[in-house]
Amino acid sequence: RIIPKDKSIKTVWEQGRGVFDADGKLLWLEGYISDITAWQDAENKLKASEKKYRALAEAAQDYIFMIDSRLRIVYMNSYSEKFIGVSAAHAAGKPLKGLVPAKAYRKWSRYLRQVLKSKKSMYVEAESLHGLNPGVTWRGTRLTPVMDSDGRVSAILGISRDISARVEAVRASRENEEFLDNIFTSIRDGISILDKNMNIVRVNPILEKLYEHAMPLVGKKCYDAYHGRDKRCEKCPSCRTLVSGKPAYEIVPYTGPDGKTIGWMDLRTFPLKSSSTGRTEGVIEYVRDITAHVKAAAAIKKSEQKYRGIIDTAGDGFWYADEKGRFLDVNPAACGMLGYRKDEMLRMRISDVEMAEKQSGIERHIRYMNKSGGHFETRHRKKGGEAIDVEVSTTYFVDPEGKDRIIAFIRDISEKKEAEAERIALIRNLSHELKTPIAISEMAYGLMKTAVESGDMEKVKNTHRIFISNLSRLKKDMNNIIDLF
């Protein structure tokens, strides 16, 4: 650097040489100086800029890398070491092929060559099966060609980001939609979805089969497609649901191709509400053909006693538990029997109410229970600490996930136990009561026999009266015993 007359600092490039005479004596120096201050300032600014952007690249939480046209690593930031699996210093200048697994190289080399050939940027979403972190991740990678002064691709700049969470969210959403669609199409009753103007938006295959004479159903008014009417039905549960925003129910006629009623439908309607506003935007109609039930009303009435017995059974408690005895589901009768709310019982185990066995014994009992289930009596503890006698019927099964499950029906037999105890006590009392008339009768018989032998007829009459009186008492006690059974 030099300082000229104006006192500024200049960066120069200089070159010179000495001029000598025949004897090798220096005569003078000659040369020239070139001012390269502007060039040097530009170079310094470029270095500063490079340093800044390198710092940004190194601080980035994305994989940033550059690969030349021969697929060699030119640069990669330190975060990319997780992607490649080697240090940036080790990877610099080396072919990509030797740094990643063969499967990954075949895939990414294909993408890179496409960019080299097309000279266009490319975005790729793909699974990443390699790197320092085990497991499969999804990455979104932008590959951008870097052009030289001749318009050729000299390198490819890559910026790669982990998009696993987004991909999994999309996948979960798609699977959820498929799951709901499968439920919709597999339900064995008819389902119809209406908009708020009573237009049919969607139906399931069962409803299409029921009303195949009115196909296509979608796009028509429900009262036109299902009932052949030009206006709404008088008793329309869908209308009530649209107005109230609450479920409704009605038995409606099943109309055939000629407009005549050929059966009956059990129609239940539910509001379809907007997730954002909460307003009712439509109706879900759940339809079941109950024609056979209506026609069989007489037979059902005759079997009323039988079905009443089935309904009465529902008064028993019901448990659904896992292999550890944890309650997975309970019915209201079970809650009422023990005095707990359902949410309380679902945080409990059988051992919390079982008085005869501890947790380890219950688990062992469940583990060795065979498919025939079991039937036994035990004692349960109510919420307030009171003990009740119960009769338990259990069934063991393996659910679709291969997990052991127990179904149990529980009946409160406390009153039965008390009655049994009273019955036993009464039998004991009656057995005691029987001994007295039997003993007196035996004595009377002996006296009567003696009186007969002696000819004392008065004594015979008296002892006969005593014998007959105690025989009547004995007969009465025997009838009481029979009544107990």
Side-chain angles (χ1 to χ4, degrees), residues 166 168-297 300 307 311 314 329 331-332 342 400:
R166 179 175 63 80
E168 287 303 318
V170 172
R171 178 184 294 172
S173 176
R174 187 183 301 113
E175 289 176 352
N176 186 52
E177 289 177 5
E178 292 175 355
F179 174 72
L180 294 177
D181 187 67
N182 288 336
I183 291 177
F184 187 82
T185 57
S186 63
I187 291 176
R188 305 316 299 166
D189 293 321
I191 297 180
S192 175
I193 299 178
L194 312 178
D195 64 17
K196 57 185 177 182
N197 296 316
M198 311 297 287
N199 296 308
I200 300 173
V201 177
R202 186 177 179 184
V203 295
N204 71 340
I206 293 298
L207 207 63
E208 290 179 340
K209 184 176 180 180
L210 287 171
Y211 291 96
E212 59 184 352
H213 58 276
M215 290 289 289
L217 300 175
V218 174
K220 293 181 179 178
K221 299 290 185 182
C222 60
Y223 47 82
D224 174 26
Y226 302 144
H227 304 289
R229 297 170 59 94
D230 56 4
K231 59 181 180 180
R232 297 182 178 183
C233 305
E234 289 78 10
K235 295 182 178 180
C236 178
S238 297
C239 292
R240 298 203 299 271
T241 294
L242 282 171
V243 172
S244 67
K246 298 179 180 179
Y249 168 76
E250 196 72 51
I251 294 178
V252 300
Y254 175 24
T255 306
D258 56 1
K260 295 182 180 180
T261 298
I262 59 174
W264 297 93
M265 293 288 190
D266 182 296
L267 176 59
R268 300 176 186 271
T269 58
F270 305 90
L272 185 61
K273 297 189 176 184
S274 168
S275 58
S276 58
T277 65
R279 297 176 181 174
T280 301
E281 298 292 340
V283 176
I284 300 174
E285 294 184 328
Y286 189 90
V287 183
R288 176 173 294 177
D289 185 352
I290 60 169
T291 304
H293 296 283
V294 173
K295 290 182 179 180
I300 293 175
Y307 287 99
I311 293 173
D329 195 12
N331 72 344
K342 183 173 182 178

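What you see below is based on every heavy atom in this structure, not just the backbone, and it leaves out hydrogens, waters and symmetry mates.
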Once you round to the nearest 0.5 Å, how far does CD1 of Ile290 lie from CD1 of Ile251? 4.0 Å

Any side-chain to backbone donor/acceptor pair from Thr255 onto Lys260? Under 3.5 Å, distance only. no

My understanding is that only residues two or more places apart in sequence, or in another chain, count here; which of them pass side chain to side chain donor-acceptor pair (under 3.5 Å) with Ser244? none

Using the test side chain to side chain donor-acceptor pair (under 3.5 Å), find all partners of Glu234 that sit at least two apart in sequence or belong to another chain. Arg229

Which pairs with one or both residues in residues 245-259 pass salt bridge (charged side-chain N to carboxylate O under 4.0 Å, His left out), sequence neighbours excluded? Arg240-Glu250

Applying side chain to side chain donor-acceptor pair (under 3.5 Å) to Asn199 and not counting sequence neighbours gives Asp195, Lys221

According to side chain to side chain contact (heavy atoms under 4.5 Å, CB included), who are the partners of Ile191, at least two apart in sequence or on a separate chain? Phe184, Ile187, Asn204, Ile284, Tyr286

Arg171: which residues meet the salt bridge (charged side-chain N to carboxylate O under 4.0 Å, His left out) condition with it, sequence neighbours left out? Glu168

When every non-hydrogen atom of Gly190 is compared with those of Ile206, the smallest separation belongs to N-CG2, 3.7 Å

Starting from the C-alpha separation in whole Å, work towards a yes-or-no answer on side chain to side chain contact (heavy atoms under 4.5 Å, CB included) for Val252 and Cys233. CA-CA 10 Å; Val252 300; Cys233 305; over 6 Å; no

Once side chain to side chain contact (heavy atoms under 4.5 Å, CB included) is applied, do any residues pair with Arg279, and if so which ones, sequence neighbours excluded? Thr277, Glu281

What one should report as the nearest heavy-atom pair of Ile200 and Ala225 is CD1-CB, 3.7 Å

Quick one: list whatever passes salt bridge (charged side-chain N to carboxylate O under 4.0 Å, His left out) with Asp189, sequence neighbours left out. Arg288

Exercise answer: donor-acceptor pairs, residues 265-273 side-chain atoms, under 3.5 Å, sequence neighbours excluded:
from   : atom 1 : to     : atom 2 : distance (Å)
Asp266 : OD1    : Arg268 : NE     : 3.2
Asp266 : OD2    : Tyr249 : OH     : 3.1
Thr269 : OG1    : Pro237 : O      : 3.2
Thr269 : OG1    : Thr241 : OG1    : 2.7
Thr269 : OG1    : Ala248 : N      : 3.4
Thr269 : OG1    : Ala248 : O      : 3.4

All heavy atoms of Val203 vs all of Ser192, minimum pair found to be CG1-OG, 3.9 Å

Excluding sequence neighbours, so at least two apart, what forms ring pair (Phe, Tyr, Trp, His ring centres under 6.0 Å) with Tyr211? His213, Tyr226, Tyr254

Can you tell me which residue pairs pass the salt bridge (charged side-chain N to carboxylate O under 4.0 Å, His left out) test with a partner in residues 198-209, sequence neighbours excluded? Asp181-Arg202

Can you see which heavy atom on Ser238 is nearest to which on Leu194, and at what distance? OG-CD1, 3.9 Å

Looking only at heavy atoms, the pair that brings Met198 and Cys239 closest together is CE-SG, 3.8 Å

Side chain to side chain contact (heavy atoms under 4.5 Å, CB included) filter on Lys342, not counting sequence neighbours, yields Asp329, Val330, Cys335, Leu346

